[in-house]
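Okay, so here's the structure we're looking at.
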Amino acid sequence: MGSRILLLNANRCAAPDPVFPLGLSYLSAALRQAGHECLWLDRLADETRGRAASTSKRDTGGEFAELLRSARPDFAAISLRNIDDVLIRKRETFFDELPALVATVRQNTRSSVILGGSAFSLFPQRLMELAGADFGIIGEGESSLLALIAALTKRESYDRIPGLVFRNQDGLVQNPPEPEPVAWPLAAADRPERLTEHYLRTGSMLNVQTQRGCPQTCCYCTYPLIEGRQHRCRPADMVAEEFEQLQKLGARYVFIVDSVFNSSPQHVTEVCEALLRRKNKLPWGCFLRPQGLTPELMALMSRAGLTHIEFGSDSFCDSVLEAYRKHLTFDDIYQSSELASKANVDFCHFVIAGGPGETPATLDAGFANSQRLHRAVIMAVVGMRIYPGTRLFAQAVAEGRLPADADLLTPAYYLAPGLTSELIFSRLQAFARRAPNWIPGDADAAFLNLVSRLRQRGVAGPLWSYFSTIQRLWPRGFAGAGSSPLDGSVKSASPGALS
């Protein structure tokens, strides 16, 4: 007989768009196929619909507590997606309410509380201590969660389960995770209708994962820590079947959430050919590494429905790319951009200004190179968020910027010697006034209001191609006085970007 498992999405970050909790869908598929019953609660969707009340220390009752009591789960699995907003000026964190959330679950159920998710995988021991949870799982959770539930149900030993974080007489123990095949097929039950409706209404799109693992060595990146470096692909036909499921659920756009979709040209080819065999009609976007693309591969992706690319370029200066350990050059970025432009696919480049190796001269070199990227939208942030276990953390410690035991749960950022965030922001903003395809810095209230209004008008997919058009037509920015950017001609200013 199976157990009743509460899957609780603790994510409260909804800017610029709320993101469907896909990781819980894969947990749901594994649990369901093993004979367990899954119950879902979502702190964005359910609280928005009035299905759950506050879980602050002052209010452990209300509808949320009632839902917990009525659900009567045997186990509660809480997924933590974001630690913070990764914005050097704002520095909003999302783990602060975790202790109260765990306390509310404990007060209203008899469940063991199990933490997981990408945010938990980065700070497992700190979050276990903070929340007082019973267990945690780092990395992929499907097989380990099944093993833990089986062990607890049968009262057997669990101390060898990969990725498990637990307590014994000596304190917290953290087992190393083990990569596993990514082959759990999803069904309609793994995307509850009320949640799907919420995320389609507020964020306009749903998501798919085609692979896990990242072998790249970018100095700041946490993907290898969360998913491992071993590249593991889902079967292409399974991916294409999920596209069909999402279309039936009402999706008008799909985003592939892989850290880098083109880790393997063979995998890209197989997925695109599977989509074409099934006559996929859904437009989609993905993250791509701006290297190793060919005209044939770009054409194939376009035929299969690709409409938007988000390139993880990070810099347009070769010396900075080397310091970031990107193992690519600006020429790679330029050639990738040209291929996307010729295929009539919208694309943007993400840039991190101010990391290792950055100087005023490299900023200028990057600005100059960016003018060669025709049709590109450039999204720039300032400073590199430092996470434990990354090369950037080791560099910061070696340079005396941080102690080796620094508590990085509170956001810390790396800025190259001689640079300040104010200096970089001012230079980015000055350049953006001459180059409206640059969108620098943190999203302000007017920017987020524009996102909301576009979504209310039924605009699906990424909005960055819209923003560059608006910035060109209204160079004073989103917060400028006068008529709304949604008034008048802008409604049709970029028709190809909104399919």
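Keep in mind that the numbers below use all heavy atoms, side chains included, and drop hydrogens, waters and symmetry copies.
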Please confirm whether the backbone N or O of [Y] pairs with a side-chain atom of [X], one donor and one acceptor, at under 3.5 Å?
X	Y	answer
Gln33	Pro185	yes
Thr93	Phe95	no
Arg232	Gln230	yes
Tyr413	Gly355	no
Lys326	Gly312	yes
Arg278	Leu275	no
Ser144	Ile161	no
Arg375	Ser341	yes
Thr294	Leu297	yes
Tyr324	Ile352	yes

Next on the checklist: Before you tell me yes or no, could you show the steps for Asp318 and Phe330 under side-chain contact (heavy atoms from CB on, under 4.5 Å), namely the whole-Å CA-CA distance, both residues' side-chain angles and the distance that decides it to 0.1 Å?
Outcome noted: CA-CA 6 Å; Asp318 283 354; Phe330 176 72; 3.5 Å; yes

Next on the checklist: So, using salt bridge (Lys or Arg N to Asp or Glu O under 4.0 Å) as the criterion, who are the partners of Asp84 when residues are at least two apart?
Outcome noted: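 Listed in chain order: Arg385.
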
Would you check if [X] and [Y] make a side-chain contact, meaning some heavy-atom pair closer than 4.5 Å?
X	Y	value
Leu408	Phe123	yes
Trp284	Ile256	yes
Ser143	Trp184	yes
Ile137	Phe120	no
Arg252	Leu200	no
Gln211	Ser263	yes
Glu358	Leu363	yes
Pro290	Leu328	yes

Next on the checklist: Checking His267 against Thr210: is there a side-chain donor and acceptor pair closer than 3.5 Å?
Outcome noted: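 Yes, because at least one side-chain N or O of Thr210 sits under 3.5 Å from a partner of the opposite role on His267.
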
Next on the checklist: Assess, by modelled atom type and distance only, whether the side chains of Ser204 and Arg455 contain a donor and an acceptor separated by less than 3.5 Å.
Outcome noted: yes

Measuring from [X]:[atom1] to [Y]:[atom2], what's the distance to the nearest 0.5 Å?
X	Y	atom1	atom2	result
Ile5	Ile149	CD1	CD1	3.5 Å
Ile424	Leu415	CD1	CG	5.0 Å
Cys317	Glu322	SG	CD	10.5 Å
Ser259	Ile226	OG	CD1	10.0 Å
Asn82	Cys13	CG	SG	5.0 Å
Arg372	Ser337	CZ	OG	10.0 Å

Looking at every non-hydrogen atom in both residues, tell me the closest pair between [X] and [Y] and how far apart they are.
X	Y	result
Pro18	Thr202	CG-OG1, 3.1 Å
Ser313	Leu321	O-CD2, 3.3 Å
Val254	Leu282	CG2-CD1, 3.6 Å
Asn369	Phe316	ND2-O, 2.7 Å
Ser336	Met298	O-CE, 4.3 Å
Asp42	Pro21	OD2-CG, 3.7 Å

Next on the checklist: Using salt bridge (Lys or Arg N to Asp or Glu O under 4.0 Å), reason through Glu242 and Arg191 one step at a time and then give a plain yes or no.
Outcome noted: CA-CA 11 Å; Glu242 281 191 30; Arg191 293 188 182 92; 3.1 Å; yes

Checklist entry - Hey, mind stepping through Ser264 and His231 against side-chain contact (heavy atoms from CB on, under 4.5 Å) and telling me if it holds? => result CA-CA 9 Å; Ser264 161; His231 186 221; 3.5 Å; yes

Checklist entry - When you look at Ile83 and Leu127, which way does the side-chain contact (heavy atoms from CB on, under 4.5 Å) test go after all the steps? => result CA-CA 10 Å; Ile83 288 293; Leu127 290 173; 4.0 Å; yes

Checklist entry - Arg212 pairs by salt bridge (Lys or Arg N to Asp or Glu O under 4.0 Å) with which of Glu140, Glu180, Glu227? => result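 By the salt bridge (Lys or Arg N to Asp or Glu O under 4.0 Å) criterion, Arg212 pairs with just one of Glu140, Glu180, Glu227: Glu140.
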
Item to check | Within 6.0 angstrom of Glu193 CD, more than 12 heavy atoms from elsewhere | outcome: no

Next on the checklist: Are there over 12 heavy-atom neighbours, none belonging to Glu273, within less than 6.0 Å of that residue's CD?
Outcome noted: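 Yes - once you tally the heavy atoms of other residues, nucleotides and ligands closer than 6.0 Å, there are more than 12.
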
Next on the checklist: Listing request: all ring-ring contact (aromatic ring centres under 6.0 Å, His included) pairs with a residue in residues 8-41, at least two apart in sequence or in separate chains.
Outcome noted: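 Counting only pairs at least two positions apart or across chains, the ring-ring contact (aromatic ring centres under 6.0 Å, His included) contacts touching residues 8-41 are Phe20-Tyr199.
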
Checklist entry - How about Phe287 and Phe255: are their ring centroids closer than 6.0 Å? => result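 Judged by ring-centre distance (under 6.0 Å), Phe287 and Phe255 do meet the cut-off.
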
Next on the checklist: Using the rule given for side chain to side chain donor-acceptor pair (under 3.5 Å), can you reason through His349 versus Ser370, listing the C-alpha separation, both sets of side-chain angles and the distance that settles it, and then say yes or no?
Outcome noted: CA-CA 10 Å; His349 293 275; Ser370 74; over 6 Å; no

Item to check | Pair Asp237-Arg277, salt bridge (Lys or Arg N to Asp or Glu O under 4.0 Å): steps then yes or no | outcome: CA-CA 9 Å; Asp237 283 327; Arg277 284 195 301 272; 2.9 Å; yes

Checklist entry - Yes or no on side-chain contact (heavy atoms from CB on, under 4.5 Å) for Arg234 and Val271, after CA distance, side-chain angles and deciding distance? => result CA-CA 9 Å; Arg234 301 182 69 214; Val271 169; over 6 Å; no

